S.K.: 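Pasting a structure here, questions to come.
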Amino acid sequence: MHSDPKTSLDLNHPEFVSDPYPFFAAERARHEAALNEAGILLTFSHEATSAVLRDRRLQRLWKDREVEGRPAGYLEPFNVLHRNQMMENEGKVHTRLRRPVAAAFNRGHVERLKPRVQELAAQLLDEVDPDGFDVISQYAEPLPVLVIAELLGVPTSYADDLRDWSQAIVKMYEPAVSTERVDAAVAAGQAFADLVRDFVGHRRAKPADDLISDLVATDLSEDEVVASVVLLLNAGHEASVNVFGNGLVSLLEAGEKPAAGPAGVALTIEEMLRFDSALQLFERTAVEPVEIAGTTVEPGQKVWALLGAANRDPKAFEEVDRFIPDRDPNPHLAFSAGIHFCLGAPLARMELVESVGLLFERFPTLNLRKAEPRDTFVLKGYETVEVAR
Ligand code: HEM
């Protein structure tokens, strides 16, 4: 009798979190996808992961979070921001929420931001001590925060708050969350929404040349505008920071440099996105029976698309465990696929090309001193990455 493949992979195990790739390779050698003890299907191959992300019968279905030990409704400040944003919706609601912001992030618009990104990157590098600095807190983190805040029209004096609130909120996406982290996420959600609601009120009264004003002028509800702004502020920097950190560490550990010329740097950015994925797991829920790599998931059953596993599949990439700065083609899934494909991909790519390019222009012999990884898997990154010229 046919029995579905099973996995007992523990995504919370410290050994797994510190280096998931050997675990992925071992799983992939046995099956493209497998069910864990909770009946969730995990995808390990590029083909299965890509199929999951593109299948409209597998959806992001938001369910308000609750936690034991806290009263019902306690998580509302966190929930309201998710319930009302494009990434947690499907179909017509998703389109209605995505369309008004899509234009602002297309390639043409993003090209126009380039001089400002170059200017900010140069200013940040002027401030570092070339004999040793943390490239995360001094460069990789402030740059995308400042860019997305300016774009939306949030004063950059709030940059530290935005960063802290975002960090507290995204900790909720990990498979195990402590009560302290829940409390921090609720407080952050509340403070974040209060601030954004304030700006929304101001722009309603007096529109300015920024994205909040554009959103206020649409037919989105107040909660939807606030949730969209918070999503953009968070998504607009959270992953970029980790792509920069993970990619730079991978590149330097491999003894490599970015490939030559702007086109070369662009290829290196794609390899940074592939090699050590900053976003590792996205969940979908079946709304109809769907067959994935031989296993059928039933309505209500969950699937975890493992982007980092897909990006190391030897069937999709040659010399998969080697960082190749000019790898081409590079069909990685770091920006997802299907209707939720990253809206900010052109902006993220431009920021990374400019910032990584300038870093190596200034410090051609850049070397890695020490890198301190975070203890999270879903959002994989480094707390600090110390480098010197
Ligand atoms: C290198 C940095 C980035 C990476 C790796 C990344 C990755 C992703 C991924 C994987 C998704 C899809 C989630 C899913 O399929 O369920 C996504 C969605 C999204 N990203 Fe990004 N992202 C990055 C930067 C940005 C930036 C700079 C923005 C700024 C606007 C942004 C805005 C969004 C939005 C709004 C969505 C939701 C799209 C939708 O649901 O239709 N991202 N991103």
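Counting begins at 1 with the first residue of the sequence. Atoms within each ligand, like the ligands themselves, are counted from 1 in listed order. Note that the structure is predicted; figures quoted are calculated from it, not measured.
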S.K.: Would you say V216 and I148 are hydrophobically clustered, going by side-chain heavy atoms of ILVMFWY under 4.5 Å?
M.R.: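 They do share one cluster, since a chain of ILVMFWY contacts under 4.5 Å joins V216 to I148.
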
S.K.: L231 heavy atoms, cut-off 4.0 Å: which ligand 1 atoms fall inside?
M.R.: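 Reading through ligand 1 atom by atom, the close ones are 35 (C).
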
S.K.: Please determine whether the number of non-hydrogen atoms from other residues, nucleotides or ligands lying under 6.0 Å from atom CD of E298 exceeds 12.
M.R.: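 Check passes, neighbour count above 12.
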
S.K.: With backbone taken as N, CA, C and O and side chain as the heavy atoms from C-beta onward, which portion of R349 lies under 4.0 Å from ligand 1: side chain, backbone, both, or neither?
M.R.: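 Neither part.
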
S.K.: Counting each atom of ligand 1 from 1 as listed, which ones have a heavy atom of M87 under 4.0 Å away?
M.R.: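 Near M87, the atoms of ligand 1 are 18 (C), 19 (C), 36 (C), 37 (C), 40 (O).
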
S.K.: If the condition is ring-ring contact (aromatic ring centres under 6.0 Å, His included), which residues does Y158 pass it with, not counting sequence neighbours?
M.R.: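 Y158 satisfies ring-ring contact (aromatic ring centres under 6.0 Å, His included) with F199 only.
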
S.K.: E238: heavy atom below 4.0 Å from ligand 1, yes or no?
M.R.: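 Judged by the 4.0 Å heavy-atom criterion, E238 does not count as contacting ligand 1.
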
S.K.: Can you tell me how the ring of F44 sits relative to the ring of F24, calling it parallel under 30°, perpendicular over 60° and tilted otherwise?
M.R.: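 Tilted.
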
S.K.: Hey, what do you get for NE2 (H332) to CG (D313), rounding to the nearest 0.5 Å?
M.R.: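 These two atoms lie 15.0 Å from each other.
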
S.K.: Keeping to residues at least two apart or across chains, list the salt bridge (charged side-chain N to carboxylate O under 4.0 Å, His left out) pairs with something in residues 174-188.
M.R.: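 For residues 174-188: R70-D183, R181-D375.
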
S.K.: So which of Q280, E88, R98 gets nearest to atom 38 (C) of ligand 1, if we judge by its closest heavy atom?
M.R.: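 Ranked by closest heavy atom to atom 38 (C) of ligand 1, first place is R98.
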
S.K.: With backbone taken as N, CA, C and O and side chain as the heavy atoms from C-beta onward, which portion of E351 lies under 4.0 Å from ligand 1: side chain, backbone, both, or neither?
M.R.: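 No part of E351 comes within reach of ligand 1.
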
S.K.: Under 6.0 Å between ring centres: does that hold for F244 and Y382?
M.R.: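 Judged by ring-centre distance (under 6.0 Å), F244 and Y382 do not meet the cut-off.
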
S.K.: Hey, what's the ring geometry for F78 with W62, parallel, tilted or perpendicular (30° and 60° as the breaks)?
M.R.: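 Aromatic pair F78/W62 classed tilted.
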
S.K.: Can you tell me which residue and heavy atom of the protein come closest to atom 1 (C) of ligand 1, and the distance to 0.1 Å?
M.R.: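 Result: V243 CG2, 3.5 Å.
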
S.K.: Looking at R284, which atoms of ligand 1 are within less than 4.0 Å of one of its heavy atoms?
M.R.: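 Those of ligand 1 that fall under 4.0 Å from R284 are 14 (C), 15 (O), 16 (O).
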
S.K.: In terms of the angle between their ring planes, are Y173 and H82 parallel, tilted or perpendicular, with boundaries placed at 30° and 60°?
M.R.: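 Correct class here is perpendicular.
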
S.K.: List every atom of ligand 1 that sits less than 4.0 Å from any heavy atom of F105, numbering the atoms from 1 in the order shown and giving each element.
M.R.: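 Result: 30 (C).
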
S.K.: Just go through A102, A334, A305, S240 and tell me whose heavy atom is the nearest to atom 5 (C) of ligand 1.
M.R.: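 Nearest heavy atom to atom 5 (C) of ligand 1 lies in A334.
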
S.K.: Describe, in one word, how the ring planes of H94 and H340 are oriented to each other, choosing from parallel (under 30°), tilted (30 to 60°) and perpendicular (over 60°).
M.R.: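 Aromatic pair H94/H340 classed perpendicular.
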
S.K.: Under 3.5 Å, side-chain donor or acceptor atoms of residues 247-261 against the rest of the protein: list the pairs with distances, not counting sequence neighbours.
M.R.:
from	atom 1	to	atom 2	distance (Å)
S250	OG	N246	O	2.7
K257	NZ	P364	O	2.7

S.K.: If you have a sec, work out which protein heavy atom is nearest atom 13 (C) of ligand 1 and how many Å separate them, to one decimal?
M.R.: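 In this structure, atom 13 (C) of ligand 1 has F282 CE2, 3.4 Å as its nearest protein heavy atom.
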
S.K.: Are the charged groups of E354 and R349 less than 4.0 angstrom apart, N to O?
M.R.: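 So E354 does not pair with R349 through a salt bridge.
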
S.K.: Need the ligand 1 atom indices (1-based, order shown) with element for anything under 4.0 Å from a heavy-atom of I339.
M.R.: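 Counting from 1, the qualifying ligand atoms are 41 (O).
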
S.K.: What about H237: any of its N or O atoms under 3.5 Å from an N or O on ligand 1?
M.R.: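 By distance alone, the answer is no.
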
S.K.: Ignoring waters, how many N, O or S atoms from the protein are under 2.8 Å from atom 21 (Fe) of ligand 1?
M.R.: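 The number of such protein atoms is 1.
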
